[in-house]
Undergrad: 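The structure under discussion is supplied below as structure tokens; questions concerning it will follow.
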Amino acid sequence: MQRFSSFSASGLRHSAFFRLATWLLCLGMLWPTFASAQTSTLCPTLSATVAYGGSVSINATACHAGFGLGNIATQAIHGTGSVGPFGPTQFINYAHNGTSGTTDSFVVRDGNAPPNNLILVNITITPPTSAIVVSPANLPALTAGTPFSQTLTSTGGAAPYAYSLSTGTLPVGLTLSSAGVLSGTPTQRGGYTFSVRSQDNIGDFVIKGYTGTVLNPSLALVPASATAIQGAPFSQALATAGGVAPHTYLLETGTFPAGISISSAGVVSGTTAAAPGNYPVTLRVTDASTGPGSYFELEPFTLTVSPPPSVSIAVAPASVSEDGAT
């Protein structure tokens, strides 16, 4: 009987202790959401990395005061957080949903009375193993002054893909859109090196490098010949196909007939009394592209001087009769 009485008193003491522990645990679990900003003093933050679509368990034994962890205060967005069973070792678990996200977070109550009882769990989600391949392998030829457009495409990941310049510099005059359209008119001759980042819809990415040369343009003078009338004012504006405008013009070899000259803008003009005939010259045509030095081509041009047209009047018949009189 005495032993029974001693056991009862001890049982009462233990019962009171566990009732207090249970009350504290329930209070921590039922604390309203406005306490969500109160960081746990035991484990302010936990971090873990999980494979895409996988799960991870975080040892949180040291994150409670001996009575076990509470429940989830704020659930994760891209997966599910949960609290493992209480025991000598207790875990906080996270399972990724396998559809989105590269990072996630959720909040767990540490089992103590609020405030200062919330544990923030930060999750890093590694992208799935994916060999993204960017096409084309090499860019088509680029020529200074010639419009260019190339759409980059990717395979091996989760579409859609976003493109951005990773390193280097695009050829001057070109731009890269987030949709992977590389376009514009290159204006600088010479080599280029740059790399593009292609990132898929779930965060996986690859860096694709491009190296090449912006080629020299090919220039063509328009027109390549003209005719001036002897003694009459003359003007002919020249144009150039190819290269980067504006173009400049200079007489390189040969001689225009006296009174005729060419401006740097390519206007051949003047009045000449030179003898009729052909006057071939060579013009230096320089475009506005940048790069090593300046780029020019020598273009043939021929000015023909023609005599004024001869005018004659012929009347036929030489006479007519009116009312019988000549």
Side-chain angles (χ1 to χ4, degrees), residues 1-131 157-158 199-205:
M1 185 69 177
Q2 180 64 39
R3 285 189 303 172
F4 178 79
S5 298
S6 298
F7 175 79
S8 298
S10 174
L12 288 173
R13 286 194 299 270
H14 281 84
S15 176
F17 173 79
F18 282 111
R19 281 200 301 272
L20 176 61
T22 303
W23 178 82
L24 290 173
L25 178 61
C26 292
L27 185 60
M29 294 171 65
L30 300 175
W31 191 255
T33 8
F34 64 77
S36 62
Q38 305 301 318
T39 304
S40 171
T41 55
L42 297 173
C43 290
T45 305
L46 294 175
S47 299
T49 299
V50 64
Y52 200 90
S55 60
V56 64
S57 294
I58 309 165
N59 190 335
T61 307
C63 297
H64 61 80
F67 308 116
L69 294 169
N71 63 352
I72 302 295
T74 304
Q75 188 54 269
I77 297 174
H78 303 299
T80 303
S82 62
V83 176
F86 176 61
T89 303
Q90 190 170 23
F91 291 91
I92 294 173
N93 305 310
Y94 174 82
H96 181 239
N97 60 18
T99 60
S100 61
T102 56
T103 61
D104 209 348
S105 63
F106 59 102
V107 178
V108 179
R109 293 186 173 94
D110 66 8
N112 295 313
N116 305 324
N117 70 327
L118 301 179
I119 304 168
L120 174 64
V121 183
N122 289 323
I123 301 294
T124 299
I125 304 164
T126 59
T129 302
S130 173
Q199 180 167 322
D200 73 359
N201 196 39
I202 55 178
D204 194 11
F205 68 91

Undergrad: Using every non-hydrogen atom in the two residues, find where Asp104 and His78 come nearest and quote the distance to one decimal.
TA: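 Result for this residue pair: OD2-N, 2.6 Å.
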Undergrad: Let me see the working for Leu118 and Arg109 under side-chain contact (heavy atoms from CB on, under 4.5 Å), right down to the final yes or no.
TA: CA-CA 5 Å; Leu118 301 179; Arg109 293 186 173 94; 3.5 Å; yes
Undergrad: Output yes when a side-chain donor or acceptor of Asp204 lies under 3.5 Å from a complementary backbone atom of Gly157, and no otherwise.
TA: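 Pair absent, no side-chain N/O of Asp204 close to backbone of Gly157.
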Undergrad: For Gly70 versus Val108, what's the shortest heavy-atom pair and its separation?
TA: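 That closest heavy-atom pairing would be O-CG1, 4.4 Å.
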Undergrad: Grab the two heavy atoms, one from Ser40 and one from Asp110, that are nearest each other, plus how far apart they are.
TA: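 It is OG-OD2, 2.8 Å.
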Undergrad: Please report the shortest heavy-atom distance between Ala76 and Gly81, naming the atom on each side.
TA: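 Heavy atoms only, the tightest pair is CB-N, 4.5 Å.
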Undergrad: Report the C-alpha separation of Val56 and Thr49 in whole Å, then their side-chain angles, then the decisive distance to 0.1 Å, and conclude whether the side-chain contact (heavy atoms from CB on, under 4.5 Å) test is met.
TA: CA-CA 7 Å; Val56 64; Thr49 299; over 6 Å; no
Undergrad: To the nearest 0.5 Å, how far apart are CD1 in Ile58 and CD1 in Ile119?
TA: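 Going from CD1 on Ile58 over to CD1 on Ile119, the span is 10.0 Å.
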Undergrad: With no hydrogens and no angle check, is any side-chain donor or acceptor of Gln75 less than 3.5 Å from a backbone partner on Thr80?
TA: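 Side chain of Gln75 to backbone of Thr80: no pair is present.
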Undergrad: Does Asn59 have any side chain to side chain donor-acceptor pair (under 3.5 Å) partners at least two apart in sequence or in another chain, and if so, which?
TA: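 Expected list: Thr61.
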Undergrad: Apply side chain to side chain donor-acceptor pair (under 3.5 Å) to His96 and list each qualifying residue two or more places apart in sequence or on a separate chain.
TA: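 Counting only residues at least two positions away or on another chain, His96 forms no side chain to side chain donor-acceptor pair (under 3.5 Å).
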Undergrad: Val83 versus Ile72: any side-chain heavy-atom pair under 4.5 Å?
TA: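 Yes, close enough: below the 4.5 Å cut-off.
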Undergrad: Return the minimal non-hydrogen interatomic distance between Thr126 and Ala51, and the atom names on each side.
TA: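 Closest pair (atom of Thr126, atom of Ala51, distance): OG1-CA, 3.3 Å.
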Undergrad: Once disulfide bond (SG atoms under 2.5 Å apart) is applied, what residue pairs with a partner in residues 49-100 remain, sequence neighbours excluded?
TA: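 The answer is Cys43-Cys63.
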Undergrad: How far apart are the closest heavy atoms of Thr102 and Gly203, and which atoms are they?
TA: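 Here Thr102 and Gly203 meet closest at CG2-CA, 3.9 Å.
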Undergrad: Spell out, as yes or no, whether a donor-acceptor pair under 3.5 Å connects the side chain of Asn112 to the backbone of Asn117.
TA: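 No, Asn112 side chain to Asn117 backbone: no donor-acceptor pair under 3.5 Å.
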Undergrad: If you look only at pairs with a residue in residues 66-120, which of them pass as a disulfide bond (SG atoms under 2.5 Å apart), with sequence neighbours excluded?
TA: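 Residue pairs with at least one partner in residues 66-120: there are none.
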Undergrad: Mind checking side chain to side chain donor-acceptor pair (under 3.5 Å) for Asn201 and listing every partner two or more places apart, or none if nothing turns up?
TA: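 Scan of Asn201 (side chain to side chain donor-acceptor pair (under 3.5 Å), adjacent residues dropped) gives none.
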Undergrad: Kindly say whether Thr41 contributes a backbone atom to a donor-acceptor pair with the side chain of Asn116 at under 3.5 angstrom?
TA: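 Checking the backbone N and O of Thr41 against the side chain of Asn116, no donor-acceptor pair under 3.5 Å is found.
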Undergrad: With sequence neighbours left out, what residues match Ser57 under side chain to side chain donor-acceptor pair (under 3.5 Å)?
TA: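 Partners of Ser57 by the side chain to side chain donor-acceptor pair (under 3.5 Å) criterion, ordered by chain and then number, come out as Asn93.
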Undergrad: Is the ring pair Tyr94/Phe106 parallel, tilted or perpendicular, if the boundaries are 30 and 60 degrees?
TA: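 The rings of Tyr94 and Phe106 lie parallel, inter-plane angle below 30°.
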Undergrad: Please identify which of these residues, Ile123, Asn122, Thr45, Val121, meets the side-chain contact (heavy atoms from CB on, under 4.5 Å) condition with Ser105.
TA: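 Among the candidates, only Asn122 passes.
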